[in-house]
S.K.: 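There's a structure below that I have some questions on.
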Amino acid sequence: MKNMITPVKGTRDFYPEIKAVHSWLYSKVRKVSERYGYQEYEGPFLESIDLYAAKSGEELVKEQSFVFPDRGGDLITLRPELTPTLARMVAQRQKQLIFPLRWWSFGPFWRYEKPQKGRSREFYQWNIDLIGVNTPQADAELIAIIVNFFQELGLDSKQVKIFVNDRLLMESELNLLGIPSTQQPAVFRLIDRREKMAAADWERYSLEEGLTQQQIGGVKSILDNKDLWKKSENLITIFDTLKAINLINFVEYDPNIIRGLDYYTATVFEAKDIGGTVRRSILGGGRYDNLLADVGGEQVPAVGFAMGDVVISLILENYGCIPPQIFNPPASVFVTTFSNETLLASLSLAETLRAQGMNVITYPEVVNLNKQLKFADRMKIKYAIFLGPDEIAQSVCTLKSLSNGSQEKIPLSEVPARLSQILDEG
RNA sequence: GUGCCAGUAGCUCAACGGCAGAGCAUCGCACUGUGGAUGCGAGGGUUGUGGGUUCGAAACCCAUCUGGCACCCCA
C-alpha cells in the first residue's frame, strides 16, 4: 500500500462492475436519442479558453475550468461543457448542414469544483440538442425525450420530475414590477437562492440588492404563482403538446426555475429527484437562440439539455433501477486445463468454441481442478468443460453445469453445436 | 473558494491515553479428475501522511491529503 500514487482528486476509477453500469447508462442514452432520430457526434476534449469567454457563466470559466498553457503558451481548457463546442461546430458548417439538426453526445467533461456526492471533477455528460427551429413544439420534443428516458430507466413521476419555466415570462413579470433589465440578472440569482434561504434572510438580501419592499412582495407572489404559465403562449403550447402526445406526466410548471448559464433565452427546464435524498438536479437545459451568433455564426435558434452521469447513477441505484443482468459473467464457458500433455488440446477446444461466437475463458496455468472450478464459480461462469486423458482417449469432453452440477460426455466434434443449443436454452 | 464531520487489515467496524482486535474476504489443508457447504490453520497494519504534547498516542493538539455534509456553483 505504501508509495501508491493516489488518483487525481475528483476523478473516478471505473472498475468492471462500475463500468458495466456506465455502459448500460450510455446504451439507454443512445437508445432514447436514436429513437427520436438524433445523430451522435463528438467534439474535442481540449478547447481554447476564448470559446467559453463568450457566453458561458462567468464563474464556470474563471473559477471552475481546468486551464493550462500548452507548450506554445496558448491557454487550453479541458472542456467544462459542450454547448459552445456544438455552437462552433454548427457555425463552421452552417451552409452545408441540414436543418433542423438533431445531435447528441455522451462524453467526458471537467470542472474544478469541490468533489462530493453527486459531483466530481471529471464526469460524463449527455448532451442533446435540436438546432434550427424556434417553436414550442421543438422545446416539447426535448422534454418528451427526458420523459421517455425516465420511463426507459424505470423511474416514475413520484421519484423524479421535470420543472419548466420561461425566462421571457419572468422578464416581462419583472418589468411589470418596474425592475429594469440591468437589475434582472441579480434578481434571477435571488430567485435561484430563495428556496435555500430562510425567508427573513432572503428578504434582507433582496433589500441589499436594491429592491423595494413592494418589489420583493411582487417577486414573492410571482414565485408562488403555479398558474403563471397561463400568461405565456410558449408554455401553454409546450404543455398542450406534451399532453397531446401523452407525455405530460413527470412535467410540472415551476416559476423558481431560472438556470445559471447566461446563454438561455426563453424556455428553461430542470429535472430533480423528488422522492429521494439527492438534492442536486439531474439535468438542465433550455432554449438558447443567440449562442451561434455569439461564436461567429449566423443567428440560429436552438434548444437542448445536458445530463451528468453522476447524479442519475446515484438515483438509479437508490431506486433499485439498475438491472442485475448487466453484471453478466465475462464468459459463458470455462475450459479447464488438466496437464501439460493435454494443455494444448484444451486451448484448441476453447479457440474452436470462440470461433463459433462463444465467450470462453481457459485457465492459463496447470493447477488442480479444485482451484480452477472455484475460479469459474466465483466468476459466475455457467459451464465448465473437462478435457483430460480419459476424455481424449475417447474423443469426447465432459461438460459440467456449474449451476446444477450435472455432467454429460459429448463427442468432441459435436461440442460446438451441443453447447450452442444449451446456451440458447439457458 | 468558505464552514462543519470523518479517515484503523482487501471490506464493514471495535478498541477512545496503557499489549491494535473481530466478522466477512483471501490463502493453505481435510479434497493431487470436480466449485458452492463445513471444519481446522495461516498470512495480512508505520491506525491516511507529517509534526507536536505525553513515561506512554489509533485516541489529545497543529498542519496536510482524501472523502462526506452545508454553502458557492452546477451535470
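All chains are named by letter (A, B, ...) in the order of the sequence lines, taking the proteins before the strands, and each is independently numbered beginning at 1.
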S.K.: Hey, does A:Ser281 reach any base, or is it just sugar-phosphate, or nothing, if we go heavy atoms under 4.0 Å?
M.R.: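 Here A:Ser281 touches the backbone only, sparing every base.
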
S.K.: Please determine if A:Lys272 and A:Asp254 form a salt bridge, counting it only when a charged side-chain N lies under 4.0 Å from a carboxylate O.
M.R.: no

S.K.: When we call it a touch if two heavy atoms are under 4.0 Å apart, what does A:Ser339 touch: a base, just sugar-phosphate, or nothing?
M.R.: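 Result for A:Ser339 = nothing.
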
S.K.: Tell me the interatomic distance from A:Arg121, atom CZ, to B:rG1, atom C1', rounded to whole angstroms.
M.R.: 11 Å

S.K.: So does A:Glu113 reach the base of B:rA75 with its side chain, donor to acceptor, closer than 3.5 Å?
M.R.: yes

S.K.: Expressed as a whole number of Å, how far does the C1' atom of B:rA6 sit from that of B:rC74?
M.R.: 25 Å

S.K.: Quick check: do A:Leu82 and A:Thr85 have side-chain heavy atoms less than 4.5 Å from each other?
M.R.: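 Side-chain contact under 4.5 Å: yes.
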
S.K.: OP1 or OP2 of B:rC73 sitting under 4.0 Å from any side-chain N/O of A:Arg193?
M.R.: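 Yes, within the criterion.
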
S.K.: Using the P atoms only, state how far B:rA57 lies from B:rU47, rounded to an integer number of Å.
M.R.: 12 Å

S.K.: If every non-hydrogen atom of A:Ala302 is compared with every non-hydrogen atom of A:Asp289, which pair is closest and at what distance?
M.R.: N-OD1, 3.1 Å

S.K.: Dump the intermediate steps for salt bridge (charged side-chain N to carboxylate O under 4.0 Å, His left out) on A:Asp390 and A:Lys409, then the final yes or no.
M.R.: CA-CA 11 Å; A:Asp390 297 351; A:Lys409 284 204 158 70; over 6 Å; no

S.K.: What's the NZ-P distance between A:Lys117 and B:rC73, to the nearest Å?
M.R.: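 Rounding to the nearest Å, NZ of A:Lys117 and P of B:rC73 are 22 Å apart.
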
S.K.: Please measure how far the P atom in B:rG52 lies from the corresponding atom in B:rA59, and state the result in whole Å.
M.R.: 14 Å

S.K.: Assess, by modelled atom type and distance only, whether the side chains of A:Asp129 and A:Tyr288 contain a donor and an acceptor separated by less than 3.5 Å.
M.R.: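 Indeed, the side chains of A:Asp129 and A:Tyr288 share at least one donor-acceptor pair under 3.5 Å.
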
S.K.: Which residue lies toward the 5' end of RNA chain B, A:Gly284 or A:Lys9, if each is placed at its nearest nucleotide?
M.R.: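 Nearer the 5' end of the strand: A:Lys9.
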
S.K.: OP1, OP2 of B:rC73 versus side-chain N and O of A:Lys114: anything below 4.0 Å?
M.R.: no

S.K.: Please state the P separation for the pair B:rG10 and B:rA63 - nearest whole angstrom.
M.R.: 29 Å

S.K.: Do A:Asn234 and A:Thr267 have a side chain donor and acceptor closer than 3.5 Å?
M.R.: yes

S.K.: Using modelled atom types and a 3.5 Å cut-off, is there a donor and acceptor pairing between side-chain atoms of A:Trp229 and backbone atoms of A:Asp166?
M.R.: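 Side chain of A:Trp229 to backbone of A:Asp166: no pair is present.
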
S.K.: Please give the distance between the C1' atoms of B:rU53 and B:rC72 as a whole number of Å.
M.R.: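 Approximately 38 Å lies between the C1' atom of B:rU53 and that of B:rC72.
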
S.K.: On a plain distance test, is the side chain of A:Arg280 in donor-acceptor contact with the base of B:rA75 below 3.5 Å?
M.R.: no

S.K.: Do A:Leu412 and A:Leu387 have side-chain heavy atoms sitting under 4.5 Å apart?
M.R.: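 Contact flag for A:Leu412/A:Leu387 side chains = yes.
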
S.K.: Ignoring hydrogens and angles, answer whether the base of B:rC73 and the side-chain atoms of A:Arg111 contain a donor-acceptor pair closer than 3.5 Å.
M.R.: no

S.K.: Using a heavy-atom cut-off of 4.0 Å across all strands, would you classify A:Ile312 as base, sugar-phosphate, or nothing?
M.R.: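 Since no nucleic acid heavy atom lies under 4.0 Å of A:Ile312, the category is nothing.
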
S.K.: Could you go through nucleotides 5-8 of chain B and list every protein N or O atom that sits under 3.5 Å from one of its N or O atoms, giving the distance for each pair?
M.R.:
none

S.K.: Starting from P on B:rC73, measure out to CG on A:Leu190 and report it in whole angstrom.
M.R.: 11 Å

S.K.: Shortest non-hydrogen contact from A:Arg287 to A:Pro301?
M.R.: NH1-CB, 3.7 Å

S.K.: Give the dot-bracket line for RNA chain B from 5' end to 3' end: parentheses for intra-strand Watson-Crick or G-U pairs under 3.5 Å, square brackets for crossings, | for inter-strand pairing, dots for unpaired.
M.R.: (((((((..((((....[..)))).(((((.......))))).....(((((..]....))))))))))))....

S.K.: For the residue pair A:Phe375 and A:Phe334, is the inter-centroid distance of their aromatic rings smaller than 6.0 Å?
M.R.: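 Yes: the rings meet the under 6.0 Å criterion.
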
S.K.: Once you round it to whole Å, what is the distance between C1' of B:rC73 and CD of A:Gln116?
M.R.: 11 Å

S.K.: Can the ring centroids of A:Tyr41 and A:Trp103 be said to lie less than 6.0 angstrom from one another?
M.R.: yes

S.K.: Quickly work out the A:Glu122 CD to B:rC74 C1' distance and round it to whole Å.
M.R.: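 Rounding to the nearest Å, CD of A:Glu122 and C1' of B:rC74 are 17 Å apart.
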
S.K.: Without decimals, in angstroms, what is the distance between A:Tyr52 OH and B:rC74 P?
M.R.: 16 Å

S.K.: Distance check, P atoms only: B:rA14 and B:rC60, in whole angstrom units.
M.R.: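 Looking at atom P only, B:rA14 and B:rC60 are 14 Å apart.
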
S.K.: Where along nucleotides 25-35 of chain B does protein come under 4.0 Å, by heavy atom, of base (B) or sugar-phosphate alone (S), with - for untouched nucleotides?
M.R.: -S-S--B-BBB

S.K.: Quick check on ring pair (Phe, Tyr, Trp, His ring centres under 6.0 Å): which of A:Tyr15, A:Phe123, A:Tyr124 does A:His22 satisfy it with?
M.R.: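 Going through the options one by one, the only one that passes is A:Tyr124.
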
S.K.: Regarding A:Ala376, tell me which of base, sugar-phosphate or nothing describes its non-hydrogen contacts under 4.0 Å with the strands shown.
M.R.: nothing

S.K.: Do A:Trp126 and A:Phe305 have ring centres separated by under 6.0 Å?
M.R.: yes

S.K.: Between the side chains of A:Glu391 and A:Thr398, is a donor N or O closer than 3.5 angstrom to an acceptor N or O?
M.R.: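 Yes, side-chain donor-acceptor contact under 3.5 Å.
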
S.K.: Could you tell me the separation between the CG atom of A:Asp13 and the P atom of B:rU66, rounded to a whole number of Å?
M.R.: 14 Å

S.K.: Could you tell me how far B:rG21 sits from B:rC29 if I compare only their C1' atoms? Round to whole Å.
M.R.: 26 Å

S.K.: Mind checking if A:Gly10 touches a base, just sugar-phosphate, or nothing, with heavy atoms under 4.0 Å?
M.R.: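 If one applies the 4.0 Å heavy-atom cut-off, A:Gly10 turns out to touch the sugar-phosphate alone, with no base involved.
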
S.K.: Whole Å only: how far is the OH atom of A:Tyr264 from the C1' atom of B:rC74?
M.R.: 10 Å

S.K.: Which value, in whole Å, describes the distance between the P atoms of nucleotides B:rU49 and B:rA58?
M.R.: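 Between the two P atoms, the distance is 11 Å.
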
